[in-house]
Amino acid sequence: MAMDRVNAVLRRAPAWPLYPIGLLPAALYFYWAVSDQLGADPLRVLEHELGEKALQLMILALLVTPVRNLAGLNLLKFRRAFGLLAFFYVVFHFLTYLVLDQQLVLREILQDLLKRPYIMIGSAAFLAMVPLAITSNDASVRRLGALAWRKLHRLTYFAAIAGAVHYLLLVKSWPTEPIVYLAVVLALVGYRYFRRRPARRPAK
């Protein structure tokens with residue numbers, strides 16, 4: 001069967017090349033920013049692109065399970081890389097805002113948090129991803145136990161939804177793209193919820 005052959009190839013393929021490949025766009029965007037190739041407002045473009053890449057990678061991580069269940073394509077060994085890359089991009093996005101945009105001026109940052117709810121939502125998504133990144137290793141699975149580890153990593157769903165809402169509120173005019181991202185995230189989280197629900201027994 002063709003999918004079995006594809007999965008056999010994927011099982012032999014290492015996951016580590018995803019990290020340099022996945023981080024390449026970030027390096028390019030930072031290079032374009034410092035070389036003045038991102039237009040009249042390079043910081044805004046840089047923040048936007050890094051945040052959008054983080055959301056795309058979170059969606060890729062969420063897609064692994066339904067793709068395996070519905071299409072038979074097994075990408076489980078790459079899911080950790082997708083999740084960690086998403087975290088790295090969120091860190092880059094957050095640091096660009098804190099260091100380059102706000103220049104670590106605490107008063108300005110606090111005023112922004114109070115004045116712009118989407119920043120609070122984005123910060124909540126980032127904080128939710130911190131324990132996920134810290135425990136994205138086999139040692140943490142053994143230390144926490146598989147059940148507790150899986151429960152902790154359900155924070156992924158909150159982080160993805162919060163990230164998509166952050167993007168939607170950020171753009172204000174509500175163009176199609178952020179709405180599509182939010183719809184995809186909700187569909188993927190909803191798929192997991194309904195799949196885990198026990199089937200109702202028919203009434204006698």
Side-chain angles (χ1 to χ4, degrees), residues 17-63 78-134 136 155-189:
L18 287 178
Y19 292 99
I21 293 170
L23 291 172
L24 182 59
L28 287 173
Y29 281 118
F30 278 112
Y31 170 74
W32 289 332
V34 299
S35 59
D36 199 21
Q37 298 183 54
L38 291 182
D41 194 349
L43 280 183
R44 183 176 179 182
V45 174
L46 182 61
E47 285 180 28
H48 170 83
E49 294 297 338
L50 293 172
E52 188 171 36
K53 289 292 181 296
L55 186 54
Q56 291 168 354
L57 285 159
M58 279 192 276
I59 288 172
L60 272 178
L62 289 174
L63 272 170
F78 306 109
R79 181 166 60 185
R80 180 179 296 175
F82 294 147
L84 284 173
L85 284 167
F87 176 72
F88 296 154
Y89 272 90
V90 169
V91 170
F92 298 153
H93 174 72
F94 201 54
L95 287 178
T96 299
Y97 167 74
L98 291 178
V99 179
L100 301 180
D101 191 353
Q102 297 298 323
Q103 299 180 6
L104 294 177
V105 179
L106 184 59
R107 182 173 57 85
E108 298 291 336
I109 294 168
L110 290 176
Q111 284 180 354
D112 248 8
L113 280 170
L114 295 174
K115 187 168 61 175
R116 298 182 170 89
Y118 67 82
I119 296 179
M120 297 182 68
I121 295 170
S123 299
F126 168 68
L127 291 175
M129 293 181 74
V130 172
L132 300 178
I134 291 172
S136 287
L155 279 172
T156 302
Y157 311 147
F158 168 79
I161 293 172
V165 172
H166 165 76
Y167 185 21
L168 181 64
L169 296 178
L170 168 67
V171 295
K172 297 183 179 66
S173 59
W174 290 32
T176 304
E177 190 175 20
I179 295 174
V180 170
Y181 278 125
L182 179 58
V184 170
V185 168
L186 291 175
L188 291 171
V189 173

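These numbers were taken from a predicted model, which means no experiment stands behind them.
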Contact summary for [X] and [Y], nearest pair of heavy atoms:
X      : Y      : answer
Leu113 : Ser123 : CD2-OG, 3.9 Å
Ile121 : Ala162 : CG2-O, 3.3 Å
Ala81  : Tyr19  : CA-OH, 3.4 Å
Leu57  : Phe82  : CB-O, 3.8 Å
Leu168 : Ile179 : CD1-CG1, 3.7 Å
Ala160 : Leu55  : O-CD1, 4.0 Å

With sequence neighbours left out, write down each residue that passes ring-ring contact (aromatic ring centres under 6.0 Å, His included) with [X], or none if nothing qualifies.
X      : answer
Tyr181 : Tyr167
Phe78  : none
His166 : His93, Tyr118

From [atom1] ([X]) to [atom2] ([Y]), nearest 0.5 Å:
X      : Y      : atom1 : atom2 : value
Met120 : Asp112 : CE    : CG    : 11.5 Å
Leu38  : Tyr31  : CG    : OH    : 11.5 Å
Leu110 : Lys115 : CG    : NZ    : 12.5 Å
Leu46  : Phe30  : CG    : CZ    : 5.0 Å
Phe92  : Lys53  : CZ    : NZ    : 13.5 Å
Leu50  : Leu95  : CG    : CG    : 10.0 Å

Without placing hydrogens or testing angles, list every side-chain donor-acceptor pair under 3.5 Å for residues 124-134, not counting sequence neighbours.
none

- [ ] Could you list the residues that satisfy salt bridge (charged side-chain N to carboxylate O under 4.0 Å, His left out) with Arg44, not counting sequence neighbours?
- [x] none
Open item on the list: Which residues pass the salt bridge (charged side-chain N to carboxylate O under 4.0 Å, His left out) test with Glu47, not counting sequence neighbours?
Closed with: none
- [ ] Evaluate the side chain to side chain contact (heavy atoms under 4.5 Å, CB included) criterion for residues Ile119 and Tyr97: first the C-alpha distance (whole Å), next the side-chain angles of each, then the deciding distance (0.1 Å), finally the verdict.
- [x] CA-CA 10 Å; Ile119 296 179; Tyr97 167 74; 3.8 Å; yes
Open item on the list: Is it true that, when you exclude Asp36 itself, more than 12 heavy atoms of the residues, nucleotides or ligands shown sit nearer than 6.0 Å to its CG?
Closed with: no
Task: Pairwise side-chain contact, Thr96 with Asp101, heavy-atom cut-off 4.5 Å (strictly under) - done: no
